Amino acid sequence: MSEPYRPDTGGHAHGAIRDSFLAAVDAFEAWKAGLAEPEVAFGTDRVPVRISRVLEYMILCTDPLPTGAARQVAKVTGRRLRDDATYGEAAGALLPAVAIRAVRVRLLPATVAA
């Protein structure tokens with residue numbers, strides 16, 4: 001039996017956490033200009049958390065990312081990921097894009113950003 005995933009050491013994440021990551025990618029893609037950072041249900045407890053927290057949590061995850069998700073991350077970030085990329089690699093590609101968009105939200109009111 002493998003050890004449970006820990007964000008400080010990485011490894012294999014529970015399916016519910018991987019699902020939260022995929023929901024975060026979808027939420028990023030749907031994030032409209034000027035709106036606050038989206039939240040998704042996280043883990044088995046389904047606690048609402050900001051998408052950046054999900055990405056930070058998964059940065060060391062070594063599980064292979066589904067190919068469709070790798071393509072989706074590439075599409076929304078402009079950074080190509082290998083077809084065999086990990087969740088951690090995808091998190092590393094997406095985190096800067098989330099940070100940039102979050103800064104724009106703080107600097108521009110919704111009426112200006114739209």
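Owing to the predicted nature of the structure, the values given are computational and were not obtained by experimental measurement. Index from 1, following the sequence.
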Could you grab the distance from atom [atom1] of [X] to atom [atom2] of [Y], nearest 0.5 Å is fine?
{"X": "Asp26", "Y": "Ile51", "atom1": "CG", "atom2": "CD1", "result": "10.5 Å"}
{"X": "His12", "Y": "Cys61", "atom1": "NE2", "atom2": "SG", "result": "8.0 Å"}
{"X": "Leu22", "Y": "Gln72", "atom1": "CG", "atom2": "CD", "result": "8.0 Å"}
{"X": "Met58", "Y": "Leu65", "atom1": "CE", "atom2": "CG", "result": "9.0 Å"}

What verdict does the side chain to side chain contact (heavy atoms under 4.5 Å, CB included) test give for Glu56 and Arg50, after you've listed the backbone C-alpha separation in whole Å, the side-chain angles of each residue and the deciding distance to 0.1 Å?
CA-CA 10 Å; Glu56 290 166 354; Arg50 292 185 327 267; 5.7 Å; no

Using residues 84-98 as the side-chain source, report each donor-acceptor pair under 3.5 Å to any protein atom, sequence neighbours left out, with the distance given to one decimal.
| from | atom 1 | to | atom 2 | distance (Å) |
| --- | --- | --- | --- | --- |
| Asp84 | OD1 | Arg82 | NE | 2.7 |
| Asp84 | OD1 | Arg82 | NH2 | 3.4 |
| Thr86 | OG1 | Gly88 | N | 3.4 |
| Thr86 | OG1 | Glu89 | N | 3.0 |
| Glu89 | OE1 | Arg82 | NH2 | 3.4 |
| Glu89 | OE1 | Thr86 | N | 2.8 |
| Glu89 | OE2 | Arg82 | NH1 | 3.1 |

Smallest separation among heavy atoms of Val40 and Ser20, with atom names:
CG2-O, 3.9 Å

Which atom names give the shortest non-hydrogen contact between Gly43 and Ala16, and what distance separates them?
C-CB, 3.8 Å

Scan for ring-ring contact (aromatic ring centres under 6.0 Å, His included) pairs involving residues 35-80, sequence neighbours excluded, and state none if there are none.
Tyr5-Tyr57, Phe42-Tyr57

Backbone N or O of [Y] within a donor-acceptor pair of the [X] side chain at under 3.5 Å?
{"X": "Trp31", "Y": "Ala36", "result": "yes"}
{"X": "Arg101", "Y": "Phe28", "result": "yes"}
{"X": "Asp63", "Y": "Ala13", "result": "yes"}

Under the side-chain hydrogen bond (donor to acceptor under 3.5 Å, both in side chains) rule, collect the residues that match up with Ser52, sequence neighbours excluded.
Glu37

Checking Leu60 against Thr9 for the side chain to side chain contact (heavy atoms under 4.5 Å, CB included) test, could you report, in this order, the C-alpha distance in whole Å, the side-chain angles of both residues, the deciding distance, and whether it holds?
CA-CA 7 Å; Leu60 295 177; Thr9 58; 6.0 Å; no

Electrostatic pair Arg53-Glu39, nearest N-O below 4.0 angstrom
no

